[in-house]
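Right, one structure below, let's go through it.
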Amino acid sequence: MTAGRGNSMKLTVNGTEIEIDADPEMPLLWALRDLAGITGPKFGCGIAACGACTVHVDGVPTRSCSVPVGGVVGEITTIEGLADGDTLHVVQQAWVDERVPQCGYCQSGQIMSAVALLDGDPDPTDAQIDEAMAGNLCRCGTYPRIRAAIKRAAAEKAKMGA
Amino acid sequence: MSRLGKITRRTLLVGAAVVAGGVAFGYYQYRKPYPNPLDGETAENEATFNPWLKIASDNTITVIVPRAEMGQGVTTTLAALVAEELDIALDDIEVEHGPAAYAYYNEVMTEEGPFPFYDESFTANAMRGAMKVAAKFLGIQGTGGSTSTRDAFEKMRLAGATAREMLKAAAAGKFGADASILTTAGGSVTDPVSGQSATYGELALAAAGLPVPDVALRPRAEWKLLGRSQPRTDMRAKVTGAPVFGIDVALPDMLFGTVKMSPRLQARPKSADLSRAEAMPGVVKVVAIDTGYGHGFGVIAENTWAAFKAAEAIEVDWEDASYPADEAGIAARLNEALDRRDGGSLRDDGDVDTAFADAPAENVLSAEYRVPYLAHATMEPMNATAWLRDGKLDVWCGNQGPTLVRQFCAGAAGLEEEAVLVHTTMMGGGFGRRIELDAALYATHMAREAGGRPVKVTWTREEDTTHDVYRPAAAGRFRARLGADGLPVALDMNIATPSVLKSILGRTFPSISPMGPDRLLSEGAFDQPYSIANYRVTGTEAELTIPTGFWRSVGNSFNAFFHESFLDEVAHAGKVDPLDLRRKLMADYPVALAVVEKAAVMAGWGTPLPAGRARGMAFTISFGTWVAEVVQVAEVDGAIRIEKVFCAADLGTVLDPAIVKAQMMSGIVFGLSQAIGQEITFADGMVEQSNFHDYDALRINQCPEIEVELLENAPRMGGAGEPGTPPAAPALANAIFALTGKRIRALPLSKEVDFV
């Protein structure tokens, strides 16, 4: 039975090509979560208002809840694709070191937005952090530690790159 | 469960909900422990010592933390209680939530009743004792009321300590040594004389069968983990996107679903056309849902998006709401209750009526205050997964009350409770929303129609926002008589709000009517440590049936705004500095005054600020924790920027400073979010807001710097999850008054000023 689906399509997610059978209008988020079993990107609002579903498409932070899967061109990276085996990405490690998460539900999206921010600007100002992260809602109020973790990650990256 | 158990639990809910004196039970029955739910559920090489601990022969040590992790750190702090006495590191244990079980009942969730936290009178303490007994018979395994740590503090340390002594006793037999000379460290028992050593895993099976000894808990001076910030046990999962939430549940052959419930809350469908929805691609079935929580339809589909699309296509003509359909009607009901003023006065000191009778008009200050309904807006929308097959039901969901989920889902599935397994996942936010049973109940109804397949039911954000159990609207009329020294000689607070307790009982145990004083109407106002000669706080129930529920800090969330804003008005009217006012009125309560003084020092209260900046102060004791907050605001191009928040909190005993500080910050951001912009309104009987574009919360670009300091002067341990919230809104409103001269007496403040 193919109801609700229709098109076989290929996506590259975290460096692996996967094949799914989806209605091209289905948001990327639901294709990842329900069809590909990749649940790191979270459902929060469905209207690109909270950032919990943030993934990268060719490195660009993208609200996967509001992008039809049929229109996705490029390599998709989700939170599951950041760590190198057991070694966390520098941003994830900064999140651990600053004890950022509380409930943790928004943090996949927060981390994906922060990774993209630091990839584009290795030393963001407070204003740049605010601007890049304002689309990611956190109801636990972890923002002060998110700011600290981004600065810590920036410093770590500078050390590693130097 | 036995019939007697059912009757006792139901009957007692009245006692616990309402708080009555004179709860009398057999001492023996109270002392008799609930059975260990892990008995018979352990692996072959695994032994259980008590409901909180399993040790396997391969040295896997599992601590059961039977409270729901919603970000407050219970999976760390409660695990540390066991680890501290067991002499193991948090890295060396696995943490599980464990099954729903009465053994995990919460002893203190219903403890307080109509007494302030600082009331140490015989009556207040006798009532607290009686409520602990009642809590045991109720057996509710609940996470709420900022009680998890207080409740677990003794029993989970005892779980570790008794197991340690049993392991030592087993080792003594094995070594041929006296148990009293043995030492424990790093998961092993060692005989320092002979040098023999055995791991807990080697000893576990023998040790678990030994008698449970009486042990003394270690004094604080000997703590190694407690009192120090620990790495959180849930941190790595939460930075790697691990599937720890209810919405991430994946089962073989799983179906997906959503619900479309009546937008007029708890109204029924008059007529419905399901044909368009049923014909949509990917839809398996559309089913009617008819429960005490609400009425509507569930869509079972092959994926969540197909279910969402089909739910939109369900066409229903809904009945009218049982409550006033719009804001004017709701306001009228609040005003009617204020006029009626026939609720109880949980505080009534001196003779208020006489004090106002002869008061010169120029010495009397009067004001009206108002707050709206609010949604919880947890980041993770409501969801639950249910699988009904072969006469048994499994339910997966983030929830704050597993034994209630089990009881209600068993009823919905037509099963005995023994045939229901509740799997409590981590939660993407709770804030009181996930003590409710609707998501699990609806999923269970849908599982009955899913042909033996599991079905994961996820609500849209719109469904979540428009079908919450809301923080109630409230209104107040307040007056104060000032004395010659500018201090209040009389304070009279008349508060009206619908009863959260009655709303909850109505949808869960409708045969029970609440009685007696309802502290939730006026908590945060009647129970504050100020001495005023004539001081009355009255809470009257407004007749509104819009579903309401526990919303982080409950009654304190609005009564603190009322009390502390009006007190600020009193201070300014009497030309007394708000800090000096508290120094005078709180002189009898040194714990309160110490946090006020601390926050004032942190904020530099009294020192000049650059032009265009100002500070405001508020204090609330709630859930046993004494909290003072100072908010500093700045004017930026005619708008308000919240620059800094300084918070001093006294919980008596702090077990994990980093976690407690994070919780206080979280509470502050939650309180500022309601203060600056949140509002749920009604039109045509329906909630007008639907998603984060019209019901938002504080964003990072609006978030102030927050400093938190913790004090430990309080005689009893307080909670951490909620007490940060109440003072935030009034401290902000008071700061805005200090900056602009504008007194804002209604929330959200964004109706009067802009924020950047």
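So that the names make sense, note that chain A is the first sequence line, chain B the second, and so on, each numbered from 1.
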> Where do A/R147 and B/C703 land on the side chain to side chain contact (heavy atoms under 4.5 Å, CB included) test, with the steps shown first?
Replying inline: CA-CA 10 Å; A/R147 284 191 191 126; B/C703 185; 4.0 Å; yes
> Are A/W30 and B/F256 close enough that their ring centers fall under 6.0 Å?
Replying inline: no
>> In this structure, is the centre-to-centre distance between the rings of B/F308 and A/F43 below 6.0 Å?
In response: yes
Contact origin within [X] toward chain B - heavy atom pairs under 4.5 Å:
X: A/D97; value: neither
X: A/A134; value: both
X: A/E25; value: both
X: A/L29; value: neither
X: A/V100; value: backbone
X: A/D126; value: neither
X: A/I111; value: side chain

>> Would you say that more than 12 heavy atoms from the other residues, nucleotides or ligands in this model lie under 6.0 Å from the NZ of B/K661, or not?
In response: yes
> Do other residues, nucleotides or ligands put more than 12 heavy atoms under 6.0 Å from the CD atom of A/E131?
Replying inline: no
Are side-chain heavy atoms of [X] and [Y] found at a separation under 4.5 Å?
X: A/L137; Y: B/R699; answer: yes
X: B/F245; Y: A/K42; answer: yes
X: A/C140; Y: B/M379; answer: no
X: A/L88; Y: B/T240; answer: yes

Best-contacting candidate, [options], against chain B by heavy atom pairs under 4.5 angstrom:
options: A/A83, A/P41, A/G104, A/S108; value: A/G104
options: A/G141, A/P27, A/A52; value: A/P27
options: A/R99, A/Q93, A/M133, A/Q92; value: A/R99
options: A/G44, A/G46, A/A49; value: A/G44

> Does a side-chain N-to-carboxylate-O contact under 4.0 Å join B/D248 and A/R33?
Replying inline: yes
>> Under a 3.5 Å distance rule, please check whether A/D34 uses its side chain to pair with a backbone N or O of B/T304 as donor and acceptor.
In response: yes
Residue selection (most heavy-atom pairs with chain A, distance under 4.5 Å) from [options]:
options: B/G398, B/A697, B/P704; value: B/A697
options: B/R232, B/M427, B/H693; value: B/R232
options: B/V239, B/D234, B/T460; value: B/V239
options: B/P381, B/A237, B/A301, B/A242; value: B/P381
options: B/T458, B/I668, B/D696, B/L698; value: B/L698

Which value, rounded to the nearest 0.5 Å, describes the distance between [X] atom [atom1] and [Y] atom [atom2]?
X: A/C103; Y: B/M426; atom1: SG; atom2: CE; result: 10.5 Å
X: B/E302; Y: A/L35; atom1: CD; atom2: CG; result: 9.5 Å
X: A/C138; Y: B/I700; atom1: SG; atom2: CD1; result: 9.0 Å

Can you tell me which portion of [X] sits under 4.5 Å from chain A's heavy atoms? Options are side chain, backbone, both or neither.
X: B/S690; value: neither
X: B/S673; value: side chain
X: B/V669; value: side chain
X: B/D464; value: neither
X: B/A658; value: side chain
X: B/A377; value: both
X: B/Q702; value: neither
X: B/N383; value: neither

> Think A/R139 forms a cation-pi with B/F431, using NZ or CZ under 6.0 Å from the six-ring centre and within 45 degrees of its axis?
Replying inline: yes
Do you know which two heavy atoms are closest between [X] and [Y], and how far apart they sit?
X: A/C45; Y: B/E462; answer: O-OE2, 4.2 Å
X: B/G428; Y: A/Y105; answer: CA-CB, 3.6 Å
X: B/P243; Y: A/T39; answer: CB-OG1, 3.7 Å
X: B/M235; Y: A/P101; answer: SD-CD, 3.1 Å
X: A/Q102; Y: B/S666; answer: OE1-CB, 3.7 Å

>> Among residues at least two apart in sequence or on other chains, which ones pass side chain to side chain donor-acceptor pair (under 3.5 Å) with A/D119?
In response: A/K157
